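Inspection log for the structure reproduced underneath, given as structure tokens.
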Amino acid sequence: MIVTEHPLSRYVRPSARRTTNCPGCGNGIAAQSILRAFDQMGKSLDEFVFVSGIGCSAWIPSPFFYADVLHTTHGRPIAFATGIKLALLEKKVMVISGDGDLTAIGGNHLIHAARRNIDMVVVCINNGIYGMTGGQMAPTTPMGLRTITSPYGNIENVFDISSLVIAAGATFVARWTTYHARNLTSTVRKAVQHKGFSFIEVVSQCPVQFGRRTGMGSAVDMMRHYKDHSVPARRAARMSPEELGGKIVIGELLDADKPEFTEELQRLLDRVSKEAR
Ligand SMILES: Cc1ncc(C[n+]2csc(CCOP(=O)(O)OP(=O)(O)O)c2C)c(N)n1
Ligand code: SF4
Ligand SMILES: [Mg+2]
């Protein structure tokens, strides 16, 4: 009998090799794409601390990544991650959590971390819904969608999360879908190397709470939709708002340079201690 080992298995905690995700969930693709980036960079997970909030996507690093992982409270992973980064300046901190966690209850932490340009990577799994709690509408739920909390159709406008984070001051921002797993891996590598607040939005399928209710169908149908409706950012820049209706703009949207919070803080502390002497 030939026993094959998954090439990324050494990054997965041996006691946690069974997933709680539903079949077809995009979280598995996101997890593999992220781990593959570490593998390609030859990085040990010991260099990182992973932080997640509450939701299905929050289970991506916890307990699976064989690393230091903090599974925190709903909406608060960026607050925990900020504390970790300030206490352990030598570590790279990566938050992986859901659209509800990061943009609804946790929206304030997201925009202020972006404004500070604190050195961390935030990966937001945007499945357009609260998956884990049974399919309630989120700030990312498309208008008109019937969910259990919008039984007659959602009348609320949708957050464009990547644009929100760019406006708030982040210095590296990208959006991919689970169909673009290889691009996602390459972007994770860049985000890890970037000094400052890096944000990656991953448009991802929740076939159970989203696909089933909206008629978007199975995981495969949803990924086909991502393939057919994604537009690279460069092409999107030449398209009208009408042409962009229903499209997903993908790519690395921003790569900028700005003072980073922990470095500025260190400079301030040095100055204050010199002045006190
Ligand atoms: C303070 C608080 N409010 C509400 C909840 C219930 N709750 C848990 S996860 C969640 C939404 C998760 O949605 P998302 O972040 O999009 O993750 P997904 O499950 O879709 O991956 C909610 C409302 C909670 N755990 N704590
Ligand atoms: S409910 Fe949706 S997001 Fe949660 S594990 Fe199932 S498919 Fe994935
Ligand atoms: Mg969600």
Side-chain angles (χ1 to χ4, degrees), residues 16-34 50-65 69-81 94-111 113 122-143 145-150 154 156 158-162 164-165 175-179 181 184 199-226 248:
R17 289 198 177 164
R18 291 172 68 128
T19 175
T20 49
N21 286 171
C22 310
C25 178
N27 287 345
I29 298 174
Q32 287 214 37
S33 305
I34 295 167
F50 296 91
V51 189
S52 63
I54 300 292
C56 295
S57 324
W59 290 102
I60 290 177
S62 161
F64 301 102
F65 287 11
V69 180
L70 218 67
H71 201 148
T72 68
T73 50
H74 191 35
R76 304 292 177 258
I78 291 179
F80 283 88
M94 181 179 279
V95 171
I96 306 175
S97 222
D99 50 326
D101 190 75
L102 291 168
T103 73
I105 188 170
N108 250 5
H109 296 293
L110 176 67
I111 57 173
V122 175
V123 181
C124 177
I125 309 297
N126 181 3
N127 54 19
I129 205 138
Y130 293 174
M132 196 181 81
T133 42
Q136 297 83 359
M137 60 185 254
T140 46
T141 301
M143 283 185 93
L145 199 83
R146 289 173 191 260
T147 71
I148 55 165
T149 46
S150 57
N154 175 22
E156 296 187 13
V158 181
F159 262 157
D160 174 339
I161 313 175
S162 289
L164 174 77
V165 174
R175 182 192 290 118
W176 295 109
T177 79
T178 47
Y179 181 78
L184 177 56
F199 182 83
I200 306 174
E201 179 182 348
V202 184
V203 177
S204 174
Q205 71 275 15
C206 167
V208 172
Q209 302 297 356
F210 193 107
R212 182 175 74 169
R213 285 178 201 282
T214 57
M216 269 188 82
S218 68
V220 173
D221 295 330
M222 293 180 83
M223 289 185 70
R224 199 169 284 132
H225 177 90
Y226 298 157
I248 306 165

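Start at 1 with the first residue, then count along the sequence. Predicted model, so just to flag it, every value in this text is computed and none were measured. For ligands, and for the atoms within them, numbers begin at 1 and follow the listed sequence.
- Contact check for M222 versus T178: no side-chain heavy atoms found under the 4.5 Å cut-off.
- Contact check for F210 versus L145: side-chain heavy atoms found under the 4.5 Å cut-off.
- Within the coordination shell of the Mg ion (ligand 3), defined by N, O or S atoms under 2.8 Å, I129 is present.
- Residue contact annotation: C25 places no N/O/S atom under 2.8 Å from atom 4 (Fe) of ligand 2.
- Annotation: side chain of T147 is not in contact with side chain of N154 (no heavy-atom distance under 4.5 Å).
- With hydrogens left out, the protein atom closest to atom 4 (Fe) of ligand 2 is C56 SG, 2.3 Å, a heavy atom.
- D99 contributes atom OD1 as its closest N/O/S atom to the Mg ion (ligand 3).
- Looking at G131 next to ligand 1, an N or O pair under 3.5 Å apart turns up.
- Here is the list of ligand 1 atoms found below 4.0 Å of a heavy atom in I105: 1 (C).
- Residue-ligand proximity: L102 is placed with every non-hydrogen atom at 4.0 Å or more from ligand 1.
- Between T73 and F80, some side-chain heavy-atom pair lies under the 4.5 Å cut-off.
- Judged by the shortest distance from any of its heavy atoms, I125 lies outside the 4.0 Å radius around the atoms of ligand 1.
- A heavy-atom distance below 4.5 Å is found between the side chains of Y226 and V203.
- Residues L184 and A30 share a closest heavy-atom pair of CD2-CA, 4.3 Å.
- Between S57 and ligand 1, at least one N/O pair is under 3.5 Å apart.
- Each of the following atoms of ligand 2 lies closer than 4.0 Å to a heavy atom of N21: 5 (S).
- Distance check for N127 against the Mg ion (ligand 3): an N/O/S atom falls below 2.8 Å.
- The shortest contact between atom 17 (O) of ligand 1 and any protein heavy atom is with G55 CA, 3.7 Å.
- Contacts of I129 with ligand 1, taken as heavy-atom pairs under 4.0 Å, involve the backbone alone.
- Atom CD of E201 is separated from atom CG of L164 by 10.0 Å, given to the nearest 0.5 angstrom.
- More than 12 heavy atoms of other shown residues, nucleotides or ligands fall within 6.0 angstrom of atom CZ in F50.
- In this structure, of H74, R76, Q209, the residue bringing a heavy atom nearest to atom 3 (N) of ligand 1 is H74.
- At a heavy-atom cutoff of 4.0 Å, ligand 2 is contacted by the side chain of N127 but not by its backbone.
- Regarding atom 7 (N) of ligand 1, its nearest protein heavy-atom neighbour is T133 CG2, 3.5 Å.
- Relative to atom 19 (O) of ligand 1, the option among C56, A104, C124, G134 with the closest non-hydrogen atom is C56.
- Both the backbone and the side chain of I54 come within contact range of ligand 1, each with a heavy atom under 4.0 Å.
- In this structure, CD1 on I200 lies 9.5 Å from CD1 on I125, to the nearest 0.5 angstrom.
- Contact annotation for N127 and ligand 1: only side-chain heavy atoms (C-beta onward) come within less than 4.0 Å of the ligand.
- Every atom of ligand 1 with a heavy atom of D101 under 4.0 Å away is listed here by number and element: 14 (P), 15 (O).
- Using a 4.0 Å cut-off to heavy atoms of C206, the atoms of ligand 2 that qualify are 1 (S), 2 (Fe), 3 (S), 7 (S).
- Here the heavy atom of the protein found nearest to atom 6 (Fe) of ligand 2 is C22 SG, 2.3 Å.
- Interface of G100 with ligand 1, defined as ligand atoms under 4.0 Å from a residue heavy atom, comprises 14 (P), 15 (O), 16 (O).
- From C22, atom SG reaches atom CE of M132 across 11.5 Å, with rounding to the nearest 0.5 Å.
- At a heavy-atom distance under 4.0 Å, atoms from both the backbone and the side chain of M132 approach ligand 1.
- Atom CD of Q32 sits about 12.0 Å away from atom CG of N27, to the nearest 0.5 Å.
- When side chains are defined from C-beta on, H71 counts as touching I54, because their heavy atoms get closer than 4.5 Å.
- Using a 4.5 Å cut-off on side-chain heavy atoms (C-beta onward), R175 and N126 make no contact.
- Shortest contact from atom 16 (O) of ligand 1 to any protein heavy atom: D99 OD1, 2.6 Å.
- Counting backbone and side-chain atoms alike, D101 contributes no N/O/S atom closer than 2.8 Å to the Mg ion (ligand 3).
- Between W176 and V202 the shortest side-chain heavy-atom distance does not fall below 4.5 Å.
- Atoms CH2 and CD1, on W59 and I96 in that order, are 14.0 Å from each other to the nearest 0.5 Å.
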